Amino acid sequence: MSILVLNFGGQYAHLIARRVRDLGVHSEIVNHDASIESIHAAKPEGIILSGGPSSVYEQGAPHCDAGIFNLGVPVLGICYGHQLMAHKLGGTVQGGGKKQFGKQEIDVTRAVIFESTPQKQVVWFSHGDAVTKLPAGFKATASTPSCAVAAMADEARRFYGVQFHPEVVHTQHGQKMLENFLFKACSCTRTWSMTEQAHTLVEEMKQTVGKEKVLIGISGGVDSLVAATLLHKAIGDRLECVMVDHGLLRKDEAATVSEYLKKQGFANLRVVDASETFLSRLEGVTDPEEKRRVIGHSFIEVFETEAQKTSGVTFLAQGTIYPDRIESAQPSKNAAKIKSHHNLTLPEKMGLKIVEPLKELYKDEVRRLGEELGIPRELLWRHPFPGPGLAIRILGEVTPERIKILREADAIYIEELRSSGWYDKTWQAFAALLPVKSVGVMGDSRTYEYVIALRAVDSVDGMTADWTRIDPEVLGRIASHIVNEVRGANRVLFDVTQKPPGTIEYE
Ligand code: XMP
């Protein structure tokens, strides 16, 4: 009882499955060459053929068993899936015409897929080929000036094709189109929910782990917290948690998270205070990449040492989420580089089997799952925090004095954002310490102290960002609060740099 998404390449299938889940219908992704027997056995209520980068006539292009069109099940072809459907059912596909890329306005005629959407609407194209001759039984249901078959349908057989991508947010009414396919064409019922997903994931973890033991590293971030909670529900005290405190965490971070977990009955939680190791290795290090390298390597070393103290562990659990798997394919991104240390080197050297309970989910789904598992909002909705911690927010050398100053300033900033309601309105906010001193006056005395920079950004995925227009009154209050209370800082700046060209973090 679900929608089967046939995968013809890359991320497309995953995003479609996610949109179907959002609509309350279970969906599974299978490879395009799945046998007709296995598809039939899955008893799908509908089949979606995903997009993909190939051309249908190309040698080696992915195909599917044409038998899917004889199952009596509705089929929706998207982009490459649309072209493949036309090709398999006797139509013609051609490349090299006027290319359709990016946002375009389509003109729709009446069709089930477009019900309750306007006649003219913006959709997102990303393929050069197009259907030029319709298969028998089909009608064109949408067009653009340069693409006669932007969509097609054979309503009798409930076959639908769209040349564009309804699953991406740039397609204005894309979610409505998928909804129409699920509930009008396939007559699905909404049975899939986060409650059910949480239950399924717990059962899956029980099956995978069996009677063995799992080790998980708790970073204090949302992903590892949710993964650990899920595993704890599945295997209880056979979960071993290690939290490495590198001395570069936010104020009270290690204590808040570990106290919460203890209250939840996590019996095997070890918080390792490794701050001396990290700070001594960071002495004299000023180059940003070198700092990251030192921290990444030390982290692995400390974690491995702790893991060896835990007897009988055979699995290593990681809080990897779906976008991490895409990001680690981009070696230029620093975050991915650090993560790739954690994700790849650790298990290889430790000889442990891996479990990644969140690997199919997006961040907002992880948070919804966390809510379902009863994790409090204050922990689930915290801003992102980088692995190397405060070290990349202290420009130049990291010293205990600088950490102390930054930690206090950052805590005040975050506290003021929370009390003024701005914390939830910005995507990520933090303070950074600039290693220059400026002159100030306090009481009757001259001061000569560090500069604190405040950053607050709006973003969707951290890849691009704009600075948050925080109320100047609030900023003024924060600046006074910091200068009055934090010994060692006498000036506060607010950063108005966009990404690009700036990055969100300072190093
Ligand atoms: P940048 O500075 O690259 O930051 O614009 C984009 C987002 O990624 C986070 N970030 C990291 N996260 N390890 C992490 O886990 C890292 O090394 C790292 N560097 C940056 C950053 O906080 C922001 O949300």
Side-chain angles (χ1 to χ4, degrees), residues 216-227 243-250 253 257 278 282 285 287-300 303 318-346 356 358 362-364 366-367 380-395 398 406-407 410 413-414 417 423-434 453-468 495-507:
I216 189 166
I218 306 276
S219 69
V222 174
D223 304 338
S224 61
L225 188 62
V226 174
M243 182 169 189
V244 176
D245 180 354
H246 51 21
L248 300 158
L249 295 172
R250 286 174 286 205
E253 178 98 343
V257 175
F278 282 83
L282 283 170
V285 179
D287 178 68
E289 276 311 299
E290 181 60 12
K291 272 188 199 174
R292 284 174 176 274
R293 203 190 60 76
V294 168
I295 296 168
H297 283 220
S298 306
F299 186 91
I300 290 169
F303 191 81
Q318 304 196 116
T320 321
I321 66 172
Y322 186 71
D324 294 338
R325 288 158 57 199
I326 307 210
E327 262 177 37
S328 38
Q330 299 170 5
S332 63
K333 192 163 180 285
N334 288 331
K337 230 198 272 172
I338 293 283
K339 275 182 192 158
S340 67
H341 278 307
H342 291 207
N343 293 353
L344 302 175
T345 322
L346 260 178
E356 294 175 314
L358 313 178
Y362 288 80
K363 194 82 177 182
D364 59 321
V366 171
R367 288 195 163 116
L380 279 180
W381 289 89
R382 281 185 312 171
H383 293 167
F385 187 70
L390 301 182
I392 57 171
R393 296 175 178 175
I394 293 172
L395 282 71
V398 178
L406 178 59
R407 204 176 253 150
D410 185 71
Y413 182 28
I414 298 301
L417 289 180
Y423 187 82
D424 289 332
K425 287 194 254 172
T426 184
W427 188 77
Q428 185 176 19
F430 59 87
L433 183 142
L434 311 185
L454 304 180
R455 187 107 168 102
V457 292
D458 298 328
S459 179
V460 174
D461 51 13
M463 305 299 275
T464 57
D466 193 6
W467 58 281
T468 308
D495 185 341
V496 292
T497 319
Q498 295 181 328
K499 173 183 179 175
T503 53
I504 296 177
E505 299 293 345
Y506 277 57
E507 289 193 335

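Note that the structure is a prediction, hence the values are computed from the model and not measured. Counting starts at 1 for both ligands and their atoms, in listed order.
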Using a 4.0 Å cut-off to any heavy atom of [X], which atoms of ligand 1 qualify?
X      : answer
Gly462 : 6 (C)
Thr503 : 1 (P), 2 (O), 5 (O)
Pro388 : 13 (N), 16 (C), 17 (O)
Lys499 : 1 (P), 3 (O), 5 (O), 6 (C)
Trp427 : 24 (O)

- Nitrogen or oxygen of Glu505 less than 3.5 angstrom from that of ligand 1: yes
- Message: Any nitrogen or oxygen of Pro384, side chain or backbone, less than 3.5 Å from one on ligand 1?
- Response: no
Interatomic distance, [X] atom [atom1] to [Y] atom [atom2] [nearest 0.5 angstrom]:
X      : Y      : atom1 : atom2 : result
Ser219 : His246 : OG    : NE2   : 9.0 Å
Phe430 : Ile414 : CZ    : CD1   : 9.5 Å
Arg455 : Asp410 : CZ    : CG    : 14.0 Å

- Counting heavy atoms only, name the option from Ser219, Pro386, Gly221, Gly387 that's nearest to atom 10 (N) of ligand 1. Pro386
- Message: Below 4.0 Å, non-hydrogen atoms only: which portion of Phe430 touches ligand 1? Side chain, backbone, both or neither.
- Response: neither
- For Met463 and ligand 1, answer yes if some heavy atom of the residue is under 4.0 Å from a ligand atom, otherwise no. no
- Message: Less than 4.5 Å apart, side chain to side chain, heavy atoms only: is that true for Leu248 and Leu282?
- Response: yes
- Query: Are Asp223 and Lys363 within salt-bridge range, i.e. N to O under 4.0 Å?
  - Reply: yes
- Item | Arg382 and Glu253 ion-paired at < 4.0 Å | yes
- Nearest heavy-atom neighbours spanning Tyr506 and Ala453: OH-CB, 3.6 Å
